[in-house]
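So the structure is just underneath, and the comments pick up after that.
In each ligand, atom 1 is the first atom listed, and ligand 1 is the first ligand listed.
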Amino acid sequence: MSDTDSGAPVLSMRGVYKAFGENTVLRGVDLDVHRHQVVVLIGASGSGKSTLLKTVNLLEQIDDGQIFLRGQDISDPRVDVDATRARIGVVFQQFNLFPHLTVLDNVTLANRRVHGMPKDEAERIAVELLGRIGLADKLRSYPDRLSGGQQQRVAIVRAIASSPELLLLDEITSALDPQLVGEVLDLVAGLKSTGSTMVMATHEMSFARRAADLVVFLKNGVLVEQGPPEQVFDDPEHPETREFLARVHAVG
Ligand SMILES: Nc1ncnc2c1ncn2[C@@H]1O[C@H](COP(=O)(O)OP(=O)(O)OP(=O)(O)O)[C@@H](O)[C@H]1O
Ligand SMILES: [Mg+2]
């Protein structure tokens, strides 16, 4: 990485469009995510949150616009997809861990296979991270022996073990029993203090309020409003944001 682009946002989306057939899902999304920022995407089901995250991880190709990772245009069709993905940590709603690998092997895999790290060093990092989240005694366990909350915490640790430039989290608590949600969100909130840069789609508004630096409201693929949580939640500019929040609060 050259010095000239070190001041660039970690992630920059410019005029991003994405359609599935006739269904236009992202309509000119502009978004900047700066270093150490926690950005939370909110919006109704189908508004395009997951699709947005997938375009960043190159799981979906965009139809128009550009996406930059630290100044590099990763939406350029000539980009090295594997090398780009190796710079980004991802955690989804469920099925994150390899069931046939122990917790330790799950967490060390990318560092060893993708980043060519020696086994000792990869294991040292994994043990340290798992210890920090109270799972040091589960190193040799297989995922099916862990609770859903423990599995998601291991998945998060796995995603950060290789110190990615950007972390993408998509509804990581929505498959969990309510009593397990807190431990996973606490871990994510803790990452904020270690300086991770992340974009997280969530329906957990209280978490968004507590942990986000920037809240982004999407409706039908349009980025309607973005701002600090106090602004978006307490004094939203757009009637559509107000409407969405009123509906969420009515059910929550
Ligand atoms: N692979 C796909 N093929 C066709 N349509 C898709 C595909 N993925 C998503 N869509 C459509 O794109 C729209 C946005 O979906 P997306 O999953 O991004 O929404 P979301 O905001 O993440 O919703 P949720 O809160 O339910 O997770 C929806 O209309 C969905 O049906
Ligand atoms: Mg989604």
Side-chain angles (χ1 to χ4, degrees), residues 11-31 33 38-67 74-75 77 81 84-85 88-97 148-149 151-152 155-156 159 166-178 180-181 184-185 188 198-209 211-212 214-227 229 232-233 236 238-252:
L11 174 68
S12 235
M13 305 180 77
R14 287 290 170 270
V16 169
Y17 277 81
K18 172 70 189 172
F20 295 104
E22 300 285 282
N23 184 12
T24 303
V25 173
L26 298 177
R27 301 165 190 264
V29 169
D30 290 321
L31 177 67
V33 179
V38 175
V39 174
V40 173
L41 300 179
I42 61 172
S45 183
S47 58
K49 303 180 298 295
S50 296
T51 304
L52 187 157
L53 295 174
K54 285 179 187 163
T55 64
V56 175
N57 198 35
L58 308 182
L59 287 167
E60 294 290 357
Q61 253 190 343
I62 61 176
D63 300 317
D64 200 7
Q66 285 174 302
I67 302 176
I74 60 168
S75 52
V81 172
T84 303
R85 288 204 187 127
I88 301 174
V90 182
V91 184
F92 294 112
Q93 183 175 345
Q94 56 194 136
F95 308 122
N96 283 295
L97 299 176
Q151 289 184 36
Q152 277 306 57
I156 293 165
L166 177 65
L167 197 54
L168 305 176
L169 307 172
D170 193 4
E171 306 284 1
I172 56 171
T173 59
S174 46
L176 297 178
D177 292 338
L180 299 177
V181 169
V184 174
L185 292 180
V188 176
M198 60 182 120
V199 184
M200 176 174 179
T202 189
H203 293 285
E204 299 282 344
M205 296 301 146
S206 60
F207 175 82
R209 181 187 278 277
L214 187 73
V215 176
V216 173
F217 171 57
L218 269 181
K219 184 178 178 187
N220 298 331
V222 176
L223 205 160
V224 172
E225 177 159 3
Q226 57 175 306
V232 174
F233 288 121
H238 290 263
E240 289 165 316
T241 315
R242 249 172 269 148
E243 226 170 80
F244 169 75
L245 291 171
R247 220 165 345 110
V248 169
H249 289 135
V251 296

Among protein heavy atoms, which sits nearest to [atom], and what does the distance come to when rounded to 0.1 Å?
atom                    : answer
atom 31 (O) of ligand 1 : Asn23 ND2, 4.4 Å
atom 25 (O) of ligand 1 : Lys49 NZ, 2.7 Å
atom 18 (O) of ligand 1 : Thr51 OG1, 2.6 Å
atom 6 (C) of ligand 1  : Phe20 CD1, 3.2 Å
atom 26 (O) of ligand 1 : Ser45 OG, 2.5 Å

Give the atoms of ligand 1, by number and element, whose distance to some non-hydrogen atom of [X] is under 4.0 Å.
X     : value
Gly48 : 14 (C), 18 (O), 19 (O), 20 (P), 21 (O)
Ser47 : 19 (O), 21 (O)
Gly46 : 13 (C), 14 (C), 19 (O), 20 (P), 21 (O), 23 (O), 24 (P), 26 (O)

Side-chain donor or acceptor of [X] paired with backbone N/O of [Y] under 3.5 Å:
X      : Y      : answer
Ser75  : Ile67  : yes
Arg242 : Pro236 : yes
Glu60  : Lys54  : no
Lys18  : Asp63  : no
Asn220 : Ser47  : no

Quiz item: Between atom CG of Leu26 and atom NZ of Lys49, what is the distance when rounded to the nearest 0.5 Å?
Solution: 11.5 Å
Quiz prompt | Inter-residue atom distance Gln226.CD - Leu41.CG, 0.5 Å rounding | solution = 10.0 Å
Quiz item: Step by step, would you call Phe20 with Val25 a side chain to side chain contact (heavy atoms under 4.5 Å, CB included)?
Solution: CA-CA 7 Å; Phe20 295 104; Val25 173; 3.5 Å; yes
Per-residue contact class, [X] against ligand 1 - non-hydrogen pairs under 4.0 Å:
X      : answer
His203 : side chain
Val25  : side chain
Ala44  : backbone

Exercise. Going by heavy-atom distance to atom 22 (O) of ligand 1, choose the closest among Gly221, Ser174, Ser50.
Key: Ser50
Quiz prompt | Between Asn96 and Gln152: side-chain donor-acceptor atoms closer than 3.5 Å | solution = yes
Quiz item: From the Mg ion (ligand 2) out to just under 2.8 Å, does an N/O/S atom of Thr51 turn up?
Solution: no
